[in-house]
Amino acid sequence: MSYLEDFYNAYDEDGRLLSQCSQVEYLTTMKYIRQCLSEHQQARILEVGAGTGRYSVALAKEGYDVTAVELVKHNLEKLRAKLDGIEKITAMQGNALDLSALDDNSFDITLVLGPMYHLYTREDMLRALSEAVRVTKKGGHILVAYCMNEAAVIQHAFLHGNLKKVLDNDMLTNQWHCKSEPKELFELVRTEDINSLNSELPVERIKLIAADGAANYISEFIDAMDSFTFDKFMEYHLATCERQDLIGASNHTLDILRKL
C-alpha cells in the first residue's frame, strides 16, 4: 500500500490522461463501455479503482448513477474536486479486495480498470474479480483492464535500456514472464493468465480487446500527429483492436465479461 500511495501521490495521473497518446486507451475503453451500457436501461455503474475519476466523473456527468471506489485518498480527493454537486455519484474510499460495503447483485456494469495492475498474487486477483462479479447483477457486464507482459519487456527492458538491470534483479522468468512485487508497482500478465482467472468465475467472455494497441510503442509520433492523422490512427486502431493475433502485444487489454 505504501508503494502505491507514494507513487500516486507524486504521479500526475490527470496529466497522463490528457496526452494524445493516452486518448487512444480512453476513447477505446469508453467505446466499449457505451456498447455495454446500450444493453441496460437506467444502468447503475460501479467503478472499482476509480483513480482520479476519468471514467466515473465522465459517466456521472452524462447522467448515469455511478458509485466510485478508490483506494488512494489523494486520488479520491482529486475525483471529488471535479464534481459540481449535481452528479448522481457516490465516491468512497475502499479496496478492490473487499467490497463488503456493497450489496450482492447491485450494479449493471462494474468497471475494474486499475486494480488488476497492482495485485501480485493469483489469490488476490481472483478475490478482486470475485468481488466485482458478486456485486454485479446476473446478466450484467464486468470490464477488467490488465497491463500486458510483452509490451513491458519490449519497452522497459529493451527500448528504454533497462535490460541489464532487469536481468541483474531477477525480474524475468526463463520464459520472459515478468516477476512483479509491490515495489515494482505493476503486475504484468499474458492472455493465458487472464483466461485462467476467468475459468474460475461464473462469467462468459464477450470480447478481449487491445485497449491501446501499438499506441505506446509510438507515443511520441502520436502526440505529434495533427488532428486528421490522429483521427485516422483511431480508425485504424478501432478496426484492429479486436484482432486476437495482436492482443498480447498491447500495453493494456480490456476483458469484457458477462455474469452468468
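When reading the values below, keep in mind they use all heavy atoms of this one structure, side chains included, and skip hydrogens, waters and symmetry mates.
Judged purely by atom type and a 3.5 angstrom limit, Q155 uses its side chain to pair as donor or acceptor with the backbone of N216. At distances below 3.5 Å, at least one donor-acceptor pair connects side-chain atoms of Q20 with backbone N or O atoms of M225. With hydrogens and angles ignored, the 3.5 Å screen pairs no side-chain donor or acceptor of S250 with any backbone N or O of A210. Listed for the E150 side chain is no donor-acceptor partner under 3.5 Å among the backbone atoms of G248. For the pair Y217 (side chain) and A249 (backbone), a donor-acceptor distance under 3.5 Å is present. Remark: side-chain polar atoms of K259 are paired, donor with acceptor, to backbone N or O of V133 under 3.5 angstrom. Formation of a donor-acceptor pair under 3.5 Å by the T173 side chain with backbone atoms of H177 is found in this model. Put simply, the side chain of N169 gets close to the backbone of K165: a donor and an acceptor are under 3.5 Å apart. In terms of modelled atom types and a separation under 3.5 Å, the side chain of D98 and the main chain of S100 share a donor-acceptor contact. Side-chain N or O atoms of N149 include none that pairs as donor or acceptor with a backbone N or O of R190 at under 3.5 Å.
Salt bridge absent: E77 and K82 never bring a charged side-chain N and a carboxylate O closer than 4.0 Å. With respect to R258 and E39, a salt bridge is recorded, a charged nitrogen being found less than 4.0 Å from a carboxylate O. Of the charged side-chain nitrogens involved, at least one lies within less than 4.0 Å of a carboxylate oxygen, so that E131 and R134 count as a salt-bridged pair.
Note: L79 CG to E70 CD = 8.0 Å, rounded to the nearest 0.5 Å. Atom OG in S19 sits 10.0 Å away from atom CD in E25 (nearest 0.5 Å). Taking OG from S22 and CG from D212, the interatomic distance works out to 10.0 Å, rounded to the nearest 0.5 Å.
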For this session: For the pair L143 and I33, evaluate side chain to side chain contact (heavy atoms under 4.5 Å, CB included) and give the outcome as yes or no after the intermediate values.
Result: CA-CA 8 Å; L143 285 74; I33 290 173; 3.8 Å; yes
For this session: Test T240 against L246 for side chain to side chain contact (heavy atoms under 4.5 Å, CB included), laying out the working first.
Result: CA-CA 8 Å; T240 58; L246 301 175; 4.2 Å; yes
For this session: Apply the test side chain to side chain contact (heavy atoms under 4.5 Å, CB included) to residues K179 and L172: give CA-CA distance (whole Å), side-chain angles for both, the deciding distance (0.1 Å), then the verdict.
Result: CA-CA 6 Å; K179 301 178 186 178; L172 289 166; 6.0 Å; no
For this session: Go through K138 and L260 one step at a time and tell me if the side chain to side chain contact (heavy atoms under 4.5 Å, CB included) criterion holds.
Result: CA-CA 6 Å; K138 185 176 181 179; L260 298 175; 5.9 Å; no
For this session: Quick one: do K207 and D255 satisfy salt bridge (charged side-chain N to carboxylate O under 4.0 Å, His left out)? Show the steps, please.
Result: CA-CA 6 Å; K207 292 176 180 178; D255 199 16; over 6 Å; no
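The two atoms that bring I209 and E242 nearest to each other are CG2-CG, 3.7 Å, heavy atoms only. Smallest separation of non-hydrogen atoms from C21 and D223: N-OD1, 2.8 Å. A pairwise comparison of heavy atoms in N198 and L257 identifies ND2-CD2, 3.6 Å as the closest pair. Summarising the geometry of L208 relative to Q244, their closest heavy-atom pair is O-NE2, 3.0 Å, with the distance given to 0.1 Å. In terms of heavy atoms, R122 sits closest to S196 at NH1-OG, 3.0 Å. Nearest heavy atoms, C241 versus L238: SG-O, 3.8 Å.
Put simply, the side chain of T253 reaches to within 4.5 Å of the side chain of I194, judged on heavy atoms. Within the 4.5 Å cutoff, no side-chain heavy atoms of S106 are placed close to those of K137. Under the 4.5 Å side-chain criterion, counting only non-hydrogen atoms from C-beta, L102 is in contact with F107. Between I109 and L46 there is no side-chain heavy-atom pair separated by less than 4.5 Å. Put simply, the side chain of I256 reaches to within 4.5 Å of the side chain of L254, judged on heavy atoms. Two residues are said to be in side-chain contact when any heavy atoms from C-beta on lie closer than 4.5 Å; D193 and Y146 fail this criterion. Considering only heavy atoms from C-beta on, K73 comes within 4.5 Å of Q93 through its side chain. Contact check for M116 versus L129: side-chain heavy atoms found under the 4.5 Å cut-off.
Counting non-hydrogen atoms of neighbouring residues, nucleotides and ligands closer than 6.0 angstrom, the CD atom of Q41 reaches no more than 12 such neighbours. For CZ of R205, the number of neighbouring non-hydrogen atoms (other residues, nucleotides, ligands) closer than 6.0 Å is greater than 12. Residue E204 places its CD atom among more than 12 non-hydrogen atoms of other residues, nucleotides or ligands, all under 6.0 Å distant. Heavy-atom neighbours of K232 NZ from other residues, nucleotides or ligands within 6.0 Å: at or below the threshold of 12.
L99 is not connected to Y55 by any chain of hydrophobic side-chain contacts under 4.5 Å among Ile, Leu, Val, Met, Phe, Trp and Tyr, and they are in different clusters. Cluster membership check: L113 does not share its hydrophobic cluster with V144, using side-chain heavy-atom separations under 4.5 Å among Ile, Leu, Val, Met, Phe, Trp and Tyr. In the hydrophobic clustering of this structure, L188 does not group with M125; members are Ile, Leu, Val, Met, Phe, Trp, Tyr whose side-chain heavy atoms approach within less than 4.5 Å, directly or through other members. Note on I89 and M92: separate hydrophobic clusters, where clusters join Ile, Leu, Val, Met, Phe, Trp and Tyr whose side-chain heavy atoms are under 4.5 Å apart, directly or indirectly. There is no path of hydrophobic side-chain contacts, each under 4.5 Å, that joins V57 to L76.
Under 3.5 Å, the side chains of T229 and D226 contain a donor-acceptor pair of N or O atoms. In this model, a donor atom of one side chain and an acceptor atom of the other lie less than 3.5 Å apart for H237 and T28. Side-chain contact annotation: T52 with N75, donor-acceptor N/O pair under 3.5 Å absent.
For the side-chain contact (heavy atoms from CB on, under 4.5 Å) test with V48, the passing option among L97, I142, T110 is T110; the others fail. With respect to L59, the side-chain contact (heavy atoms from CB on, under 4.5 Å) criterion is satisfied by exactly one of E47, K88, M30: M30. The salt bridge (Lys or Arg N to Asp or Glu O under 4.0 Å) with R44 is formed by just one residue from the set D103, D65, D108; it is D65.
Aromatic ring pairs are classed by plane angle as parallel below 30°, tilted from 30° to 60° and perpendicular above 60°; the pair H160 and H156 is perpendicular. Note: F186 and Y117 have tilted aromatic rings, judged against thresholds of 30 and 60 degrees for the angle between ring planes.
A cation-pi contact links R54 to Y26, judged by a cut-off of 6.0 Å to the six-membered ring centre and 45° from its axis.
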